[in-house]
Structure formats: structure tokens, C-alpha cells
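Structure first, then comments.
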Amino acid sequence: MLRPQGLFGLSVVKRHEFRAARLPGADGAAGASASRRREIALTGIVLAALVLLPMLVYPIHLVKIACLAIFAASFNFLIGFAGIVSFGQAAIYGTAAYITAHALKIWALPPELAMLAGIAAALALGVAMGALALRRSGIYQAMITLAIAQMAYFAYVQAPFTHGEDGIHSVPRGLLLGFIDLRDDRIVYGLSALALLGVFLGLRRLLSSRFGMVLVAIRDDERRALSLGYDVFAYKLAAFAVAAGCAGLAGAFSAVAFQLATLSGAHWHFSGEAVLMALLGGIGTLTGPLAGAALVATMQQTLAPFGAWVLVIQGAVFVLCVLVFREGIVPRLASLAARFRSAPPETPAPAIPQAQS
């Protein structure tokens with residue numbers, strides 16, 4: 001009754017600066033040149049950070065952040081760019097992890113084929129989930145994804161190959177492509193960084209294409225898109241497939257990196273973590289899931305010694321972040337940076353002429 005649009009409001013989900021929709025040259029040659037220089041500088045900073053981070057932080061912790069960021073990006077892509085709320089991403093993630101771990105340990109497949117099998121299974125589940133959920137809208141659509149996720153979770157509890165609550169442990173990493181030794185944590189970190197960059201650049205290119213423009217148009221006004229002749233169901237189903245591929249990649253890589261697959265990765269609580277990471281980082285932004293995943297993973301590791309107080313401290317920190325960064329960390333920092341760049345330079349006060357004696 002007090003806020004019918006929700007706690008965060010519709011503007012948080014709908015506010016997205018879609019740069020690809022701008023006409024070429026709309027900002028002028030000077031603006032394009034400045035934007036190009038900023039992109040080159042940012043790329044250099046990111047590459048330098050990827051090289052230096054393993055020297056400062058435990059590589060496996062960075063791998064966990066990368067996997068969580070890819071997983072959160074799958075949810076962020078659905079809700080931020082397609083306007084679809086899905087609580088079934090954990091089931092897709094867990095499916096890829098279980099199939100990959102089983103293929104590595106029991107079938108003795110090489111890592112690349114095991115991961116492809118896990119991603120294919122996750123993609124199939126995601127397309128099936130989308131085909132059923134997209135027949136409804138709103139809260140009913142979200143509840144269908146949650147129901148399918150719960151069905152998958154209870155299937156994994158009873159399935160013999162998952163070993164129930166024990167999970168699949170001691171998964172061999174093996175040799176990627178026959179010569180890349182995955183037993184080295186630094187190599188695993190490098191591959192996770194490449195996967196994260198690939199997902200980021202792939203989603204960016206996808207959203208800059210005609211498909212991305214139509215998807216954002218459907219998110220903003222579905223009836224208008226229907227009136228223009230676009231197949232809304234097909235576009236949304238394709239968005240489900242893209243998100244399932246991202247979640248499947250995160251699940252498959254986590255099974256290889258952490259050498260296990262358990263029920264915690266398929267529980268709907270894990271989907272809640274994806275929602276949380278996307279909200280903290282900023283829904284509708286490409287780098288928001290990475291910021292949210294880094295914050296959540298670092299808090300989980302840092303606050304582990306506090307035992308039962310972890311949830312209380314996490315809740316307080318999350319409430320503080322929502323109050324301070326209402327739109328998310330990345331949009332807030334971007335607005336502050338834009339305000340700093342647009343601030344007029346301070347001009348010194350004119351000198352007072354000295355009286356000559």
C-alpha cells in the first residue's frame with residue numbers, strides 16, 4: 001500500500017543507458033575520441049589487475065569470484081535486459097556442475113568434453129524452463145521457474161549419480177586439450193579470467209546487436225514490440241538460452257576448479273545469492289555482477305570466523321549498501337565519476353591590484 005512499485009521501484013530495473021542505440025557520431029568526433037581513450041585506458045587497467053591479482057590474493061578465491069560473477073550475470077541478463085525474473089538459475093548451475101563432475105570422475109572424459117556436456121545439459125534445462133515459464137507473466141512466471149528448480153533439486157537428492165547429500169567429491173581436473181595441466185591453481189585462475197572476459201565481451205556484443213536492441217525494447221514495452229511484428233516469445237526464449245549458457249558455464253567450471261559438486265549449488269537459496277549480487281552491483285549493467293560477486297565472496301571468506309553471526313553481519317552490510325547505493329554500486333560510482341568529469345574547473349579569483357605608493 002505504501003510502495004506499490006516495490007521497495008526499489010521500477011526505475012531500478014528499467015533504468016539502463018543503452019549506448020548501442022545511439023547514432024554513430026552523435027557525440028561528435030571529440031566525444032568519440034575521448035570515449036575511445038577511456039576504453040583503452042580501462043582495458044589496460046583491467047589487464048594489469050588480472051595479472052597482478054594472483055600475486056596478492058589466493059587464486060582459488062579469485063576463481064570463486066569469477067564463477068559467481070558469471071552466475072550472477074546470467075540472472076542480471078534476464079531481469080536487467082529482458083525483464084524476466086527467474087529463480088531457477090541455481091538448478092541450471094547445479095545441473096552443469098553435476099554432469100561435469102560425473103563425466104570427469106566416472107566417464108573419464110577430458111575436461112573440455114566434460115564441461116561441454118555439462119553446459120549442454122544446463123542449456124537444455126534452461127530452454128525447457130523458459131518454454132514453460134514464458135507462457136505466463138509476472139509473479140506466476142517467477143513461481144514456475146522456482147517450482148521447476150525445486151523439482152530438479154529433489155531429483156538430484158534421489159538420483160544415484162549425485163550421491164545425495166554427500167555430493168561428488170575428489171573430481172580430477174585432468175589436462176585441458178591434452179597439454180594444459182589444470183592441477184596448477186594459477187592456470188585455473190587464468191582460464192576463469194578468460195571465461196569471465198569472454199562472457200562480458202559476448203554479452204556486450206550481443207546487446208549491441210539487433211537482437212539486444214529488440215530485447216531491450218520488449219523489456220520496456222512488450223505490447224509495442226508485438227505490434228511491430230516481433231516474435232516476443234522467441235526473443236525471450238533466446239534470452240533464457242543465453243542466460244542458461246552463462247549459468248551452465250559457471251557451474252561446469254566450478255566443478256572443475258573446486259573438484260566437487262554438491263546440493264548447495266542446486267538449491268534455490270543459491271538463486272537468491274544471484275539476485276543479491278545483481279542488486280548490489282547494479283541491475284542492467286554489465287560490470288555490476290562482478291562487483292556484487294566480489295563483495296559477497298569476500299564477505300563470506302572474511303566473516304567465516306564469526307560463526308552464527310555471519311548472517312547478521314551480512315544482513316547489516318547489505319542493508320547499508322542498499323541505502324547508500326540504491327541503484328547499485330556500479331551505477332552509483334559511474335554517476336559520481338560523470339559528475340566529477342562534468343564539474344567546471346575552479347577559476348582563481350582575480351588579483352586585487354596593489355596601490356602604487
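A donor and an acceptor atom, one from each side chain of Y93 and S271, are nowhere located under 3.5 Å apart.
A distance of 10.5 Å separates CD1 in I99 from CG in L125, rounded to the nearest 0.5 Å. For the atom pair CG of L177 and CD of E112, the computed distance is 5.0 Å after rounding to the nearest 0.5 Å. Remark: H269 NE2 to F87 CZ distance equals 12.0 Å, nearest 0.5 Å. Considering CG of L191 and CE of M115, their distance stands at 8.5 Å, rounded to 0.5 Å. Between S170 atom OG and L104 atom CG the span is 12.5 Å, to the nearest 0.5 Å. Within the model, atoms CG of L201 and CG of L196 stand 9.5 Å from one another, a figure rounded to the nearest 0.5 Å.
Placement of I144 and I139 in two distinct hydrophobic clusters is found when ILVMFWY residues are connected by side-chain heavy-atom separations under 4.5 Å, directly or transitively. Residues L132 and L146 do not share a hydrophobic cluster, clusters being chains of Ile/Leu/Val/Met/Phe/Trp/Tyr side chains in contact below 4.5 Å. Both V232 and V242 are assigned to one and the same hydrophobic cluster, defined by single-linkage of ILVMFWY side chains at heavy-atom distances under 4.5 Å. In terms of hydrophobic clustering, with Ile, Leu, Val, Met, Phe, Trp and Tyr side chains grouped at heavy-atom distances under 4.5 Å, I329 and M299 are assigned to a common cluster. Hydrophobic clustering (ILVMFWY, side-chain heavy atoms < 4.5 Å, transitive): M151 and Y153 are in distinct clusters.
A donor-acceptor pair is defined here as one N or O able to donate and one able to accept, closer than 3.5 Å; such a pair exists between the side chain of R135 and the backbone of A131. Panel note: side chain S254, backbone G251; a donor-acceptor pair is recorded below 3.5 Å. A donor-acceptor distance shorter than 3.5 angstrom exists from the side chain of Q141 to the backbone of R136, with no hydrogens or angles considered.
Using a 4.5 Å cut-off on side-chain heavy atoms (C-beta onward), V171 and V256 make no contact. Residues F253 and T100 fail the side-chain proximity criterion, which asks for heavy atoms closer than 4.5 Å. By the 4.5 Å heavy-atom criterion applied to side chains, Y156 and Y98 are counted as neighbours. A heavy-atom distance below 4.5 Å is found between the side chains of I180 and I187. Side-chain contact between L260 and T262 is present, with heavy atoms from C-beta onward closer than 4.5 Å. With contacts defined as side-chain heavy-atom distances shorter than 4.5 Å, the pair I218/K236 qualifies. Contact of the P111 side chain with the L182 side chain is registered, since non-hydrogen atoms from C-beta on lie closer than 4.5 Å. With contacts defined as side-chain heavy-atom distances shorter than 4.5 Å, the pair F81/L286 qualifies.
Counting all heavy atoms, side chain and backbone alike, A241 lies closest to L123 at O-CD1, 3.2 Å. When every heavy atom of G126 is checked against every heavy atom of A244, the shortest pair comes out as CA-CB, 3.8 Å. Taking each heavy atom of I168 and H102 in turn, the nearest pair found is CD1-N, 4.1 Å. Contact record, F240 with S86: CE2-OG, 4.1 Å, taken as the closest heavy-atom pair. In terms of heavy atoms, V330 sits closest to A291 at CG2-CB, 3.9 Å. Nearest heavy-atom pair across A266 and G94 is CB-CA, 4.1 Å.
Annotation for M143: atom CE counts as buried by contact number, over 12 foreign heavy atoms lying within 6.0 Å.
Checked for salt-bridge contact, R173 and D184 miss the test: no charged N lies under 4.0 Å from a carboxylate O.
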Q) Should I84 and T145 be marked as a side chain to side chain contact (heavy atoms under 4.5 Å, CB included) after you check the CA-CA gap, both sets of side-chain angles, and the distance that decides it? A) CA-CA 11 Å; I84 302 171; T145 61; over 6 Å; no
Pairs of donor and acceptor atoms involving the side chains of residues 52-78, under 3.5 Å and at least two apart or interchain, shall be tabulated with distances.
{"residue": "H61", "atom": "ND1", "partner": "Q301", "partner atom": "OE1", "Å": "2.7"}
{"residue": "H61", "atom": "NE2", "partner": "Q301", "partner atom": "OE1", "Å": "3.4"}
{"residue": "K64", "atom": "NZ", "partner": "Q300", "partner atom": "OE1", "Å": "3.1"}
{"residue": "S74", "atom": "OG", "partner": "F71", "partner atom": "O", "Å": "2.5"}
{"residue": "S74", "atom": "OG", "partner": "Q89", "partner atom": "NE2", "Å": "3.2"}
{"residue": "N76", "atom": "OD1", "partner": "G284", "partner atom": "N", "Å": "3.0"}
{"residue": "N76", "atom": "ND2", "partner": "T285", "partner atom": "O", "Å": "2.8"}

